[in-house]
Amino acid sequence: MIRQVMSHMGGIELYGIVSFLVFFVFFLGMLVWVARLRRGHLEAMGRLPLEDATPGAGTPDRPSDPHIEHSHE
């Protein structure tokens, strides 16, 4: 059934070419973008998940300032 529908549609081959070109241009654009990234920037972004959200901030069980009382009510 799908073959019959596709055979009666005119100009369908153009969609295949256009979709391939869109994918290829996007892939080349991403490749160029990744190639242009600086190594220092990549290392800094890689360390972000391992750092605290704010410098000097503690966790709820270990506050950064021992004089601050945290209430858990």
Side-chain angles (χ1 to χ4, degrees):
M1 180 179 155
I2 294 176
R3 184 178 295 184
Q4 292 171 352
V5 171
M6 296 297 250
S7 67
H8 293 295
M9 293 176 70
I12 194 75
E13 66 275 354
L14 180 64
Y15 292 116
I17 294 169
V18 169
S19 63
F20 174 74
L21 288 176
V22 167
F23 169 77
F24 192 71
V25 167
F26 178 77
F27 180 77
L28 283 180
M30 292 300 291
L31 192 63
V32 168
W33 178 67
V34 167
R36 293 183 60 200
L37 288 174
R38 293 183 315 242
R39 185 173 196 83
H41 177 72
L42 290 176
E43 289 174 358
M45 292 297 113
R47 285 190 307 268
L48 275 179
L50 304 175
E51 296 175 357
D52 288 337
T54 55
T59 59
D61 58 337
R62 288 186 358 189
S64 60
D65 189 357
H67 302 294
I68 297 175
E69 292 292 326
H70 292 282
S71 174
H72 296 286
E73 295 178 31

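Values below: every heavy atom of this structure, side chains too, minus hydrogens, waters and symmetry copies. Quick note: residue numbers are just sequence positions, from 1.
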query: Any chain of hydrophobic side-chain contacts (each under 4.5 Å) joining Phe27 to Val34?
result: no
task: Establish whether Leu37 and Phe26 are linked, either directly or via other cluster members, by ILVMFWY side-chain heavy-atom contacts under 4.5 Å.
output: yes
task: Could you tell me the separation between the CZ atom of Arg38 and the CE atom of Met45, rounded to the nearest 0.5 Å?
output: 9.5 Å
message: Side-chain heavy atoms nearer than 4.5 Å, only ILVMFWY residues, links allowed to pass through others: does that put Leu42 and Trp33 together?
response: yes
- request: Specify the closest pair of heavy atoms between Pro49 and Gly46, including all atoms of both residues, with the distance to one decimal.
  value: CD-O, 3.4 Å
